[in-house]
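Numbers here simply count residues along the sequence, with the first being 1.
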Amino acid sequence: MAYRVVLTLGLSAAASALVLPPRAPPRGAATRPLHASMSAPEMGQTALALLRSLDAPQPTAEVLLALFAACTEVSSSIATASCDSFACFNNFGNMHEQVAIDLLAEQVLFDRLRETGRVCVASSVSDKVMQPLSAEGELSISLYPIDASSVMETNFAVGTIFGVWGSPHLVNVTGRQLVAAGTCSYGPRTVLNVALAGCSSVYELVLVDGEWLVSNCFSSMGEGKLFAPGNLRVLPENPGYASLVQYWQDNRYQLRYTGGLVCDVTQLLVKGYGIFVSPSSPDRRPSLRTLYEALPMAFLIEKAGGASSDGRSSLLEIMVTSPDDRTQVALGSADEVARFEEMVGPLALSAEKPAMSHN
């Protein structure tokens, strides 16, 4: 089924209400104008108009528009899902034919990408299989269809993560080969955050009446006292991480952590400061997958003026050797990421290989 993008010439009242005036940042946060970096793209632009203003290459633009269209469909399915204590399902009007939301999201994403004819290979975190889509495709796509799906039944926000790679394969690549990456958050608002290789900003688009409209732009990240500590189960085995968490507590940082990677990282874009971390330990392998989670999120944060690290160097330098590769992650303000490297560092990485049997 083909999709179409409708250009709107003006902002609706609902869309206008989404562009808010700046507010004073909390004490300790670096200040920045809310939309200071918006030059060529304008508030209220459609997705298509945004990509045109950024001179996005045609293959990349077509793939991104397909991903955006898929996220629109996924958003509707999530909003109308039926959940129990184990999973959430989309009911197609037949109580005997239900599909788990994460599987439905994966199917929709693959279908839309296949229609473009631009994608050589796509792979989902669910099975990590490299699925060929088009022999003529120039790009490859990594997908996390529904991040944090385990909290969906309690109505927490969840999200989609995607990476668009300028390569016909997804192995033996680094984050430097990403041509675009983004997330879609399904919460009180349905919001896309997307960055392109040729641009130095992250663009936020909000879904209004089925249309993606530009609502913000992020291109600088200062310092501020906010932390999102992932993988706390390794604290007893990682003294550096335990010391870092104690530092945050002693210095009265704000704890803002949901357990959903998309929300925990994109809050740093919106607020313009803070840090998200997910360390490992000698006894536990890292929890985040390099291809599907770490590299796309690092691409976004670095494009927004922040920093990323595996405890040693930028995440974008990591070579993906297997779809199941995992890594430590620190994302956010440059000084906070440097503190992570100093206090946690790469020590636990040396034990990753012997620890592969741990979940």
Side-chain angles (χ1 to χ4, degrees), residues 3-23 32-54 56 61 63-80 105 108-109 112 145-148 152 155-162 180-196 199 201-221 258 260-272 296-297 300-301 303-304:
Y3 65 88
R4 61 192 179 96
V5 179
V6 181
L7 286 172
T8 54
L9 300 180
L11 278 171
S12 66
S16 299
L18 294 166
V19 183
L20 301 176
R23 63 180 180 181
R32 63 173 184 173
L34 184 62
H35 305 307
S37 58
M38 279 309 265
S39 51
E42 298 177 357
M43 295 299 128
Q45 274 190 327
T46 62
L48 179 58
L50 171 67
L51 294 174
R52 284 176 172 169
S53 71
L54 298 176
V63 165
L64 287 175
L65 290 172
L67 288 165
F68 297 172
C71 288
T72 301
E73 295 183 54
V74 172
S75 173
S76 177
S77 297
I78 289 175
T80 57
V108 169
L109 287 159
R112 296 294 161 265
I146 301 290
D147 167 58
M152 196 187 309
N155 211 27
F156 280 31
V158 296
T160 296
I161 306 171
F162 55 85
T183 64
C184 185
S185 304
Y186 311 103
R189 298 184 302 155
T190 300
V191 174
L192 279 164
N193 284 285
V194 63
L196 283 77
C199 306
S201 300
V202 175
Y203 299 94
E204 178 193 87
L205 299 94
V206 65
L207 188 62
V208 180
D209 297 329
E211 185 96 32
W212 290 106
L213 302 176
V214 175
S215 55
N216 215 331
C217 176
F218 312 112
S219 59
S220 65
M221 188 168 290
T258 70
L261 180 64
V262 171
C263 294
D264 289 330
V265 174
T266 55
Q267 69 170 331
L268 308 180
L269 300 175
V270 177
K271 293 182 179 295
M297 301 307 277
L300 284 176
I301 288 295
K303 283 294 182 182

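Nearest heavy atom pair, residue Ser201 against residue Ala195, reads O-CB, 3.7 Å. A pairwise comparison of heavy atoms in Ala181 and Pro296 identifies CB-O, 3.8 Å as the closest pair. Nearest heavy atom pair, residue Leu64 against residue Phe162, reads CD2-CE1, 3.9 Å. Across every non-hydrogen atom of Ser215 and Arg189, the tightest pair is OG-NH1, 4.5 Å.
To the nearest 0.5 angstrom, Leu54 atom CG is 12.5 Å from Arg52 atom CZ. The line from CE of Met221 to CG of Leu268 is 5.5 Å long, rounded to the nearest 0.5 Å. One distance of note links CG of Leu213 with CD of Glu42; it measures 12.5 Å at 0.5 Å rounding. A distance of 10.0 Å separates CG in Leu205 from CG in Asn216, rounded to the nearest 0.5 Å.
A donor-acceptor pair under 3.5 Å is absent between the side-chain atoms of Glu211 and the main chain of Val208, judged by distance alone. In this structure, Lys303 contributes its side chain and Cys199 its backbone to a donor-acceptor pair below 3.5 Å. Within the 3.5 Å criterion, the main-chain N or O of Leu261 finds a donor-acceptor partner in the side chain of Asp147.
The side-chain contact (heavy atoms from CB on, under 4.5 Å) search around Ala70 returns Val108, Leu109, Arg112, not counting sequence neighbours. With sequence neighbours excluded, the residues forming a side-chain contact (heavy atoms from CB on, under 4.5 Å) with Ala105 are Val74, Pro145, Ile146, listed by chain and number. With sequence neighbours left out, the side-chain contact (heavy atoms from CB on, under 4.5 Å) criterion links Thr72 to Leu207, Trp212. Partners of Thr183 under the side-chain contact (heavy atoms from CB on, under 4.5 Å) rule, at least two apart in sequence or in another chain, are Ile161, Asn193, Val262, Thr266, Met297, Leu300.
Within the 4.5 Å cutoff, the side chain of Leu192 has no heavy atoms near those of the Val206 side chain. Between Leu50 and Thr46 there is no side-chain heavy-atom pair separated by less than 4.5 Å. You'll find the side chain of Val191 reaches within 4.5 Å of the side chain of Glu204, heavy atoms only. When side chains are defined from C-beta on, Val265 counts as touching Ile301, because their heavy atoms get closer than 4.5 Å.
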- Query: Can you check side chain to side chain donor-acceptor pair (under 3.5 Å) on Thr160 and Tyr186, steps first, answer last?
  - Reply: CA-CA 8 Å; Thr160 296; Tyr186 311 103; 2.8 Å; yes
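Looking at Ser76, Ser185, Ser75 one by one, the single match for side-chain hydrogen bond (donor to acceptor under 3.5 Å, both in side chains) with Thr190 turns out to be Ser75.
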